[in-house]
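A short write-up of the structure that comes next.
Naming convention: chains lettered A, B, ... in sequence-line order (proteins, then strands); numbering from 1 in each chain. This one's a predicted model, so the numbers in the text were calculated from it and none came from an experiment.
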Amino acid sequence: MDGQENKIKWNERIKIKDLKDKTGQIHSLTGWVFFTRKSGNIRFIGLRDGSGKIQGVLVKEEVDQATYDLFTRLKQETCIQMSGIVQESKRNRFGVEILVKEIEIISISENFPITPKEHGTDFLLSNRHLWLRSSRQLALFNIRNKVIQGMRDFFAQHDFVQMDSPILTQNVGEDPKGLFNLSYFDLGEAYLAQTGQLYLEASIFAHGNVFCFGPTFRAEKSKTRRHLTEFWMLEAEMAFMDNVDNMDVQEDLIRFVITKVLDECSWHLKELERDVEALKGCMEPFIRLSYDEAVVILQNKGAKINWGDDLGATDETLLTGDSLVPVFVYDYPKKAKAFYMKENPLNPKTVKCADLLAPEGYGEIIGGSQREDSEEKLVSRILEVGLPIEPYQWYVDLRRYGSVKHSGFGIGLERLVGWICGIHHIRETIPFPRMMERVYP
RNA sequence: UCCCCGAUAACUCAGUUGGUAGAGUAGGCGGCUGUUAACCGCCCUGUCGCAAGUUCGAGUCUUGCUCGGGGAGCCA
């Protein structure tokens, strides 16, 4: 015997969220104290366990003196087991409460730095390991989790196969300055991948439609609310699809994910004080503007943009305007985009690509394109932009064995979550953000 | 990389024409039989980012440095 005969099986332990229909029953809960309060001979203990929050009521006549006195040791974040009778309560925000009979302190906590009062960004980020426990962060990461689940569900329903790409690579990508490099044994320099796209393209010839999801690294010295040096990107690649199919898939995916979040995370959205009406804008058909049209619209609004320039952050905000409907901008100038994008047969100065701009000033959340499927054109583009051909030989090779029209896109998860949650700076949407000025904790 | 702003108690901040620092919160003690960021009373809290300079005297003025924030470019 192991002395644990009475142990409750891991998946049968009661959670705070399960207590609503258990009034009158005696239950034992484990969790962390998030507030205490006393008033005369009645004392309150706020307990959270990740599934929810509840209040325990400690009444002097209901418990022995030792238990009653234990209250003074319950500081914020003390880990306890609290047992008692579940009872209905209309006097607090939890609906039910526990009339406490027993308390066991599992582990003490003293002077927890993050209080329910105000804190600055620097302080919170330096205490990120503790900040994650707060209500807003809890809501945020539950939604992030739901977004990831939603994307996976969508791809599963449409028979996409997950084919993850390597993080260590020798492909330079678009901008050598944006790469983190490291020495790779005797084989010289390797880099942390900026994208899995090229590898994903190889997989479409095996599976047709594929996706990958993993961290991506950019060493760009960007200091904005929309940049991280390490972020999570979901990328998809589809055989036989042109750039219009590509936009259709993206639109369906985003709508699917938003619907799921609205249906299943309303409580978390409320905690974040997110205006859900704003999210319902994506139930409308997305607006699709060609780059040419976008430039005209921007010029009419007084923006200093010339044909050929990439869109800036303010341009993106101007384009989405007051509308709550996401906007695709397609067929950008070739010189503003990456070498692998397919040249537009109708206008060779442009490529068949599309960026999806989220409304409310959140800006670009997806970048996608139809890929160059001609070996000849791809090689000339690689040379044209001045990249070495050797590391891309395998990629070019794909165009020699049954090349096919294909398209794909990449979603920046933190940007998507930032928009859905109405979070200003995306550093809050990843558990441990990595930025130019911060790698701790 | 460029432009702008900041650094004072554990946290958020105030600090007058230069005269050895103050509030709220947190923490400690006490009060109140139902608290919701409770309330009331008392107590505690300092390398004023670092270094130099001006001055009888610097949190305050000057210079340099460090760290952080906001924005731009670039991108997802």
Item checked: By side chain to side chain donor-acceptor pair (under 3.5 Å) - contacts of N181(A) (at least two apart) -> E189(A)
Margin query: If I take atom NZ from residue K405(A) and atom NZ from residue K352(A), how far apart are they, to the nearest 0.5 angstrom?
Written below: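 The distance works out to 10.5 Å.
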Check: Atom CZ of F123(A) and atom CZ of R128(A): how far apart are they, to the nearest 0.5 Å?
Finding: 13.5 Å
Round to the nearest Å and state the distance from [X] atom [atom1] to [N] atom [atom2].
X: R225(A); N: G70(B); atom1: CZ; atom2: C1'; answer: 12 Å
X: F217(A); N: A76(B); atom1: CZ; atom2: P; answer: 16 Å
X: R427(A); N: G69(B); atom1: CZ; atom2: P; answer: 6 Å
X: F35(A); N: G27(B); atom1: CZ; atom2: C1'; answer: 19 Å
X: N41(A); N: G31(B); atom1: CG; atom2: P; answer: 10 Å
X: R128(A); N: G68(B); atom1: CZ; atom2: P; answer: 17 Å
X: I305(A); N: G73(B); atom1: CD1; atom2: P; answer: 11 Å
X: Q55(A); N: A37(B); atom1: CD; atom2: P; answer: 11 Å

Item checked: Between W394(A) and Y199(A), ring centroids under 6.0 Å ->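 Yes, the ring of W394(A) comes within the 6.0 Å limit of the ring of Y199(A), centre to centre.
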Note to self: Angle between ring planes, Y392(A) versus F339(A), binned at 30° and 60°: parallel, tilted or perpendicular?
What the structure shows: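 Taking F339(A) first and then Y392(A), their aromatic rings stand perpendicular (interplane angle over 60°).
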Side chain [X], main chain [Y], donor-acceptor under 3.5 Å:
X: S51(A); Y: K17(A); result: yes
X: N127(A); Y: L124(A); result: no
X: T78(A); Y: V33(A); result: no
X: R434(A); Y: V439(A); result: yes
X: N243(A); Y: C353(A); result: yes

Checklist line | Pairwise 5' ranking along RNA chain B for R438(A) and Q87(A), keeping only the more 5' one | finding: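 Nearer the 5' end of the strand: Q87(A).
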Item checked: Given RNA chain B, 5'-ward residue of the pair E414(A) and E437(A), judged by closest heavy atom ->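 It is E437(A) whose nearest nucleotide is closer to the 5' end.
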Note to self: Treating primed atoms plus P, OP1 and OP2 as sugar-phosphate and everything else as base, which nucleotides of nucleotides 39-44 of chain B get B, S or - for protein heavy atoms under 4.0 Å?
What the structure shows: ------
Item checked: Protein-to-nucleotide contact annotation, 5' to 3' order, nucleotides 6-15 of chain B [B base; S sugar-phosphate only; - none; under 4.0 Å, heavy atom] -> -----SS---
Going by purine N1 to pyrimidine N3 plus the second Watson-Crick contact, or the G-U wobble pair, all under 3.5 Å, which nucleotide sits opposite [N]?
N: U20(B); answer: none
N: U35(B); answer: none
N: G41(B); answer: C29(B)
N: C48(B); answer: none
N: G57(B); answer: none
N: U1(B); answer: A72(B)

Notebook entry, point to check: Out of G27(B), G69(B), A76(B), which nucleotide sits closest to the side chain of N111(A)?
Noted result: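 Out of G27(B), G69(B), A76(B), the nucleotide with an atom closest to N111(A)'s side chain is G27(B).
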Notebook entry, point to check: Between U33(B), G34(B), G71(B), which nucleotide gets closest to the side-chain atoms of K223(A)?
Noted result: G71(B)
Margin query: Below 4.0 angstrom, which residues in residues 162-169 of chain A have at least one non-hydrogen atom near RNA chain B?
Written below: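 Of all residues in residues 162-169 of chain A, none places a heavy atom under 4.0 Å from RNA chain B.
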Note to self: Between the base of C75(B) and the side chain of R415(A), is one N or O donor paired with an acceptor at under 3.5 angstrom?
What the structure shows: yes
Margin query: Does G71(B) have OP1 or OP2 under 4.0 Å away from a side-chain N or O of R226(A)?
Written below: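 For R226(A), the contact criterion (side-chain N or O under 4.0 Å from OP1 or OP2 of G71(B)) is not met.
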Next item on the list: Decide, applying a 5.5 Å centre-distance limit and a 30° plane-angle limit (both strict), whether F44(A) stacks on G34(B).
Entry: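 Stacking is absent between G34(B) and F44(A), given that the ring centres and planes do not meet under 5.5 Å and under 30°.
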Check: Do other residues, nucleotides or ligands put more than 12 heavy atoms under 6.0 Å from E273(A) CD?
Finding: no
Expected list for residues 323-334 of chain A: side-chain donor-acceptor pairs under 3.5 angstrom, two or more places apart:
from    : atom 1 : to      : atom 2 : distance (Å)
S323(A) : OG     : V325(A) : N      : 3.0
D331(A) : OD2    : N344(A) : ND2    : 3.2
Y332(A) : OH     : D355(A) : OD2    : 3.3
K334(A) : NZ     : E343(A) : OE1    : 3.0
K334(A) : NZ     : P348(A) : O      : 3.4

Margin query: So, using salt bridge (Lys or Arg N to Asp or Glu O under 4.0 Å) as the criterion, who are the partners of K335(A) when residues are at least two apart?
Written below: none
